[in-house]
Every structure is written in structure tokens, then in C-alpha cells.
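A short write-up of the structure that comes next.
Throughout, a chain's letter reflects where its sequence line sits, starting with A, and its residues are numbered from 1. Model, not experiment: these values are computed from the prediction. Side chains included, hydrogens not; waters and symmetry mates left out as well; all remaining heavy atoms used.
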2 protein chains.
Amino acid sequence: MDDVDRQLLVLLQQDAAQSYAALGQAVGLSAGATHERVRKLRERGVIRRTAVEVDPAAIGRGVLAFVMVDSTKWVGDSGDRFAAIPEIQEAHVIAGSAAVLVKVRTATTEQLQDVLRRIYAIDGVSGTQATVVLETFFERPVTP
Amino acid sequence: MDDVDRQLLVLLQQDAAQSYAALGQAVGLSAGATHERVRKLRERGVIRRTAVEVDPAAIGRGVLAFVMVDSTKWVGDSGDRFAAIPEIQEAHVIAGSAAVLVKVRTATTEQLQDVLRRIYAIDGVSGTQATVVLETFFERPVTP
DNA sequence: AAACTATGCAGAATGACATTCGGTAGATCA
DNA sequence: TGATCTACCGAATGTCATTCTGCATAGTTT
């Protein structure tokens, strides 16, 4: 995991569709060596997968909200219950007054309300506190 | 934007490295037609880009936190100030008591503290409220 | 209803690129 | 010094992306 690897990660996070020849030229390696580097990054699990990035608004997910979920029970095992709600994009167990923090994308605020209802129906959930996003400054990959 | 397009988006969000032949077989189209579909999805901006997904822990970003940022001024124009902090992965203007919600990834909690200090140094920021993530249930692409 | 137009698809042809392999240089250890 | 290992380059090969032609279907105009 040296500088070249980090550079490759940055480039591949920006555009994973470019050729190994171009990638290699950018970091000063041959296409073959670059390919081998990237292969090992995958093997080690540093690169999890390659995926397309979709515009949420274009697929009817223009409303973004974060929801703090309070609970009266231990929720460390109920990840599946949250995963069952497709509008939830992320779910994290958090330290602090709430128990779970989820990121929700819906088409409308009415649908957001419906998601809140479904979250409320999860066993042990005692309350929700939703925060609607007005504008997203940026969402970007992590810099190695 | 029909069912086939949506199916293609799901498949490409899971694995953008597969061939158009395989992709086409999955949705019942030829490789050529599939290629044309995907090309148009890119053209329309539905697909923004294709990128690799990196394991945060593998690149020294094992600590995840969400930070509510309070402010005394209008912060709608200070996106650049947040973008200048590389540990910030997302920044959103929110409705509610706070003004901005940011997602931060650092190697240690000490570094998180340092990020909070830098956020505090942004003009107009009057306070921060950090929530550390103990466990991430899941982070997944949005389902079309 | 007939002709026209546009759109989407299949199948084939071409060229680019991923992937593999042999050989070499440098680094580490004995 | 010799042995071993790793990372690299450059070339060879096969796969696949990309483009093109022709056809069918659906929608539109006359």
C-alpha cells in the first residue's frame, strides 16, 4: 500500500472505466504492472467492487433525509429490519441519545412520512426525529 | 426509462465490470442493444460515472461520525469551506435547528477532534454536535 | 389506409483493450 | 556471493467494447 496504490485508488474512484494503459501512464507504470496492482487491491479487499453512480433525482429519489431513531431495546441485531425498507440507503448504530441513524431517499415528503411509519413499526423503536436535506453541498469518495 | 433500464441500473450498481453480453442476457437483450441502452443512460445523466468502491478501514478511515453544525450566519454559500476539509465525505444543508450536516471519516477519534476544530474555524459556525458511529448495518445503492 | 418517420433491436465486423506470460532488474536474506 | 522473492516491462493472445447494416415495430402524417 504505497503512494502509487493510493494514486490508483483516487483515479479509479473518479473513473473506473479508463484503460489500464491510461491509468499506468498517469502513475508512471506499464499497463501490465498497473493491472497487477489493481488486481491485488481487489484481492486484498481494498477495492470492494466497481459500480455505476446513479443520479437519485433521475430515478425518483429527490428527497433526502436523515432520521435519528430512538429505541427502548437493544437494536444491535435488528439490521435486517432496517434493510427491509428499500428507501433506507444507510443505517448505522450510533453512540449518543438516539440508537440508530438512517439515511433515507424518497420521491416525495409523503413517502418520507410513510418510511417513518415503517421505521416506527420496528420492534423496540420508540421515536424518530427526521431532518430533511435542503441542499447537498457534495457527496464524494474518501481520499486515500 | 422503462423496466429494462431500471433492471440495468440495479445490475450495474452491483457490478459495473461485467460484459454487455452478460448484462444483455440478464435482461433479455443483445449485447449491442444493451450497450446502446447504457450509453443513453449515461448521456441523460442517469448514470453519472462508474467508480470503484473502497473499503474505508483499509485506507485509514475506520472512524465514522456525523456532525451537526450550528451557525449564526447564512451558510448556503460556504460549501467550499467544507469541501476544503478532506475528511468530510458529505455535506448537506438541512432544515431544523442545525444548519449543516456532515459525514466525516477519520483514522482515529483524535483526528475526528481535529476535524471538529477545523469545522469550528469556518466563518459563522457557532457549534458542533458529533455523533460517532459504533457499527454500520449497511450502506447500499439506491434501488430504482 | 398507405406512406413516411423514428425508434429499438439483432447480428456481424473491426479494432481496442484486458489478461497472461517470459524474461530482467533490484532488494532481502543467508 | 548466491539464492529467493518481488515488481516491472514488453509482447502475445483472446475477449470484449463499439460500430455498422439491415429489419421490424409503432407512431405520425397525408
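Heavy-atom minimum distance, B:A107 versus B:V63: O-CG2, 3.4 Å.
For A:H92 and B:F66, the ring centers are positioned less than 6.0 Å apart.
Between the CG atom of B:L8 and the C1' atom of C:dC9 there is a distance of 14 Å, rounded to whole Å. Put simply, NE2 on B:H35 is 14 Å from P on C:dC9, counting in whole angstrom units.
Non-hydrogen atoms lying under 4.0 Å from DNA chain D are contributed by B:Q18, B:S19, B:Y20, all within residues 14-29 of chain B. Heavy-atom distances under 4.0 Å link DNA chain C to B:R37, B:K40 of residues 36-51 of chain B, given in residue order.
Note on ring orientation: taking the six-membered ring where Trp is involved, the planes of A:F82 and B:F137 are parallel (angle under 30°, cut-offs 30° and 60°).
For A:D80, there are no side-chain contact (heavy atoms from CB on, under 4.5 Å) partners two or more places apart in sequence or in a different chain.
The local environment of CD in A:E135 is crowded, with over 12 non-hydrogen atoms from other residues, nucleotides or ligands closer than 6.0 Å.
Between B:R37 and B:D2 there is a salt bridge, since at least one side-chain N of the basic residue sits less than 4.0 Å from a carboxylate O of the acidic one. Under a 4.0 Å N-O distance rule, the pair A:R39/A:E36 qualifies as a salt bridge.
With hydrogens and angles disregarded, a donor-acceptor distance shorter than 3.5 Å links the side chain of A:Q18 to the backbone of A:D15.
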